[in-house]
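Indexing begins at 1, ligand by ligand and atom by atom, following the structure's order. Note that the structure is a prediction, hence the values are computed from the model and not measured.
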Amino acid sequence: MRLVKTIRELKQELEPIRRSGVTVGFVPTMGYLHEGHLSLMRKSVEECGFTVVSIFVNPTQFGPGEDYDRYPRDLERDLSMCESVGVDLVFAPGVSEMYEPDACTRVTVSGLTQNLCGRSRPGHFDGVTTVVCKLFNMVRPDRAYFGQKDAQQVAVVRRMVRDLNIPVEVREMPTVREPDGLAMSSRNVYLSPDQRRAALSLHRSLRTAADMIEKGERSAAKIRERMIDIILSSGLAELDYVEIVDADSLRNIDTLKGEVLIAVAVKFGQTRLIDNIKVVVH
Ligand code: PAF
């Protein structure tokens, strides 16, 4: 496995690979890797001849007062994890390599970014789409792998790829959970033992929603009410949102029908966690 830190080296490494016609898979990450990231890398290694992983804590997707400075970082650990699943190349640039000091171009996906995390983190998705677009231009992958835990991010990236005709196939992989149901996240390390216990209410609320739907409930209001009860009864939760939206448009719905995304964002102390499920309702 090779590690490169500059765009020039990245190009040099990738040119012969592309010329040989090998399929290039790409997993963009912000590092501090966990089993969720590894599952994306394994999929890429399985489906593609060459797998590139980027590790870059992207400052432009963090708002003022968010956790950019204290976001966990451990490149050595990340590299050995990448190596353990057969990644071929890691691109780990610094901020000055990624952004010219006078950069003034941003990629904005409107509409899809207004609801859910876009509402509570203004500007976040502009940061994500701008850096992902830049990374796609640098790596020029055939396939790129994202986790369903960030369902809105996947929807927004997909739309960017479609609207800008970026020649990459976006693959969405299932959320990987701890044995007790907590969705894996680099931010889980911030949680105290009490907060970690309370955070299980997210998955519990989503499972309850799935059960209610299974039993025939179609009212978004009733499902939300029950989910909010479960999350607040954990004691330590500060609710950001519990939303039931159409999985394609990400607009709120009153009655469940078609593919539906049920998404939650909750703060435990300073730590904001998100989780979701998708259900198809007939
Ligand atoms: O999901 C993430 O880790 C980030 O948003 C991404 C896609 C690597 C862009 O910085």
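- Listed by number with element, the atoms of ligand 1 under 4.0 angstrom from any heavy atom of T29 are 8 (C).
- Annotation: cation-pi geometry not satisfied between R187 and Y71 (NZ/CZ under 6.0 angstrom from ring centroid, within 45° of ring axis).
- Nearest protein heavy-atom contact of atom 3 (O) of ligand 1 is M30 CG, 3.5 Å.
- No part of V157 comes within 4.0 Å of ligand 1, judged by heavy-atom distances.
- Interatomic distance, CG of L112 versus CZ of F125, reported as 9.5 Å (0.5 Å rounding).
- Nearest to atom 1 (O) of ligand 1 among the protein's heavy atoms is Q153 NE2, 2.8 Å.
- Taking every heavy atom of V131 and a limit of under 4.0 angstrom, the matching atoms of ligand 1 come to 9 (C), 10 (O).
- Summary of contacts: the protein heavy atom closest to atom 9 (C) of ligand 1 is Q61 OE1, 3.3 Å.
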Under 3.5 Å, which donor-acceptor pairs link side chains of residues 274-282 to any protein atom two or more places apart or in another chain?
{"unit_1": "D275", "atom_1": "OD1", "unit_2": "R177", "atom_2": "NH2", "d": "3.0"}
{"unit_1": "D275", "atom_1": "OD2", "unit_2": "R177", "atom_2": "NH1", "d": "2.8"}
{"unit_1": "N276", "atom_1": "OD1", "unit_2": "Q148", "atom_2": "NE2", "d": "2.7"}
{"unit_1": "N276", "atom_1": "ND2", "unit_2": "Q148", "atom_2": "O", "d": "2.8"}
{"unit_1": "N276", "atom_1": "ND2", "unit_2": "K149", "atom_2": "O", "d": "3.0"}
{"unit_1": "K278", "atom_1": "NZ", "unit_2": "E172", "atom_2": "OE1", "d": "3.1"}
{"unit_1": "K278", "atom_1": "NZ", "unit_2": "E172", "atom_2": "OE2", "d": "3.1"}

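- Looking at R218, its side chain does come within 3.5 Å of a backbone N or O of I213 through a donor-acceptor pair.
- By the 4.5 Å heavy-atom criterion applied to side chains, L182 and L200 are counted as neighbours.
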